[in-house]
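Values in this document were obtained by computation on a predicted structure and should not be read as measured data.
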Amino acid sequence: MNLIGLGLKAMRYRLDTLHEDLDVDVHQLPAWLRAGIRLSKCLPQPRTAGSVRLRRFLEHLGPVAIKFGQLLSTRRDLMPDEMADELAKLQAQVAPFASALAVVRIEKSLGKPIAELFEHFEKAPVASASVAQVHRARLQSGAEVAVKVVRPGIKERISEQIALMRRVAQMLERHSSDAKRLHLMRVVDDYEATILAELDMQQEAANTVNLRHNFAASPLLYVPRVYREFSGRDVLTLEFVKGVPISEVEQLKALGTDMKKLAERGVETFFTQVFVHNFFHADMHPGNILIDVANPAEPRYIALDCAIIGQLGETDRAYLAKNLMAFFRRDYKEVARLLLEARWAPAETDAQAFEAVIRKVCEPVFQKPLSQIEFGTFLLDLFRSARAFRLELQPQLVLLQKTLLYVEGLGRRLYPELDLWDTGKPFMERWMVEQFGPAASLTSLLADLPELFTRLPRLPAEIRDLRGEVHRLSNALADERARAEQLQRSDRRRQVFARAAGVALVLFAAWSVSPLAGMLDAPDTMAGLVALAGVYLIVRA
């Protein structure tokens, strides 16, 4: 698909009318888009709601667009509830593929007939998403399981859409400095690696096992058991778990769920995954989360679909933690310093001006519950500020940023009065003490002591070797400096000689055409060439 094809598909679903549903000021749109909207007024009015047409358009485009729709569905601060509700259907209500294809895929992947694998297999899927669909089944042992099957032909569709994204990113980077600053090509490359990994059920099985281990016996999060012997590259068999979908807020309230604790545990779960385990579920849309309300006073999250997992490098994680702590303390000078030190902002950035802008944007959102924070405006102001200071998007943090949007969107729905800052700050303070406090430093020193004692006897010899290496490098540097000075002197001599020769040639050419040199009978052309040669030598020198 190319850009023209994408535009035609958008017109087919009449997305030209979406500005009415979103209450967008048409005059703020680009001129070419305004012209298109004016031309489209000649077409008949669509019969279905804009939210339905948008959802069908994203479904038609395929998995990459569906993922984008899933993210939008959690952002009720950015769009009407009707549209968010419709896009929420993309979380687990994408049109399923034929059950017969699912059976063939399972039998091919696991190498046995379906009747030998399962005592009972429900052909109608219980959930269908962009990449796979899920069937309920029962093993010969009697265990109730969920069988996840990858959609046929999905890899080809994803590759086609990624190719389109890459062409768009290349075009934008060629014509926009903002696109270069955002590293769009790297973002597309990272996203391609992420979504292709989502197609490998063996990788998802490993992720699920790891996440389950990290939260074993935890009151925060439950992760289903993996049945490895009934899983393959295209099939994943998991323990079938029951819970209330997190999107069913009214049902959770009716069951007496402590919504404040649920929201706070969501924030703690996120911070634990990122900073304690450095292994976080990066696809936390509502379709992948259930709530265990066996004890409504102590609600627990249930994580499904662990295909997309994020991890940070130690340097990025440390800088992120320090930035968050400075942000929680409202120490904007430290925030600016850390961003500059990490080279996320250009080195020549005016630190004081940078601090002032960060303060101006961030200060208004403090001491406000989620219900009173206009995140759309906040993010827009933050982006404008970043643009002014050429703050670069860090591609390695894109998954984390997406997960943060999911977490904030869920928190807004569960408990709008949640104070995000007061909830996160104590956790981060404890983690910083554990990682960088005196006890952590002592532990690190004790861990290094055996190696230190091993190297201690060799220390005098290593110091002598180091002194010798320093002396050798110093001599080499002096020799290089002497050679450089000699080359400079030679270059200066060549320049003086060239200038002198050039002047001599110009003077000779002038003399050869003068009356005094009439006896030479030198042609004017030859004199001109000599003069040009002289000028060339002077300029070259």
Side-chain angles (χ1 to χ4, degrees), residues 22-25 27-30 71-72 74-79 176-184 187 267 270-271 274 316-398 400-409 411-412 416-429 432:
L22 296 172
D23 195 25
V24 173
D25 183 359
H27 298 93
Q28 300 296 321
L29 298 175
L71 176 59
L72 285 179
T74 68
R75 305 300 306 179
R76 292 174 181 266
D77 54 326
L78 304 179
M79 61 181 57
S176 168
S177 58
D178 278 345
K180 290 179 183 176
R181 179 175 58 83
L182 295 173
H183 300 293
L184 290 186
V187 171
V267 176
F270 169 75
F271 280 118
V274 174
D316 286 329
R317 191 162 59 130
Y319 271 116
L320 183 63
K322 292 173 183 177
N323 262 292
L324 281 172
M325 277 308 304
F327 185 72
F328 286 148
R329 292 170 179 161
R330 298 157 85 171
D331 186 351
Y332 304 114
K333 182 176 182 180
E334 179 68 0
V335 172
R337 188 191 69 77
L338 287 166
L339 289 172
L340 290 169
E341 185 179 295
R343 298 184 183 278
W344 293 354
E348 65 273 14
T349 300
D350 184 330
Q352 288 186 334
F354 194 29
E355 175 194 345
V357 170
I358 295 173
R359 182 185 303 278
K360 178 183 175 182
V361 173
C362 298
E363 190 66 22
V365 305
F366 270 103
Q367 296 182 337
K368 286 184 179 181
L370 286 175
S371 60
Q372 296 178 22
I373 298 174
E374 296 181 4
F375 270 92
T377 303
F378 171 66
L379 291 174
L380 186 60
D381 288 344
L382 203 57
F383 180 77
R384 284 172 178 164
S385 302
R387 180 179 181 182
F389 285 91
R390 295 187 291 126
L391 191 67
E392 296 194 355
L393 177 68
Q394 303 301 309
Q396 72 274 22
L397 301 181
V398 168
L400 182 66
Q401 292 161 348
K402 185 188 93 168
T403 306
L404 272 171
L405 286 177
Y406 277 145
V407 169
E408 186 272 316
R412 178 181 288 275
E417 300 305 311
L418 174 71
D419 190 321
L420 197 60
W421 326 122
D422 282 351
T423 306
K425 184 179 177 181
F427 180 93
M428 289 306 303
E429 286 177 337
M432 290 291 286

Report task. Check side-chain contact (heavy atoms from CB on, under 4.5 Å) between Lys333 and all other residues, then give those that pass, not counting sequence neighbours. Result -> Asp331, Glu355
Query raised in the report: Between Ala351 and Ala336, what is the shortest heavy-atom contact and its length?
Result: O-CB, 4.2 Å
Requested in this report: Of all the heavy-atom pairs spanning Val335 and Ala326, show the shortest one and how long it is.
Outcome: CG2-CB, 3.6 Å
Query raised in the report: Do you know which two heavy atoms are closest between Val274 and Arg317, and how far apart they sit?
Result: O-CD, 3.4 Å
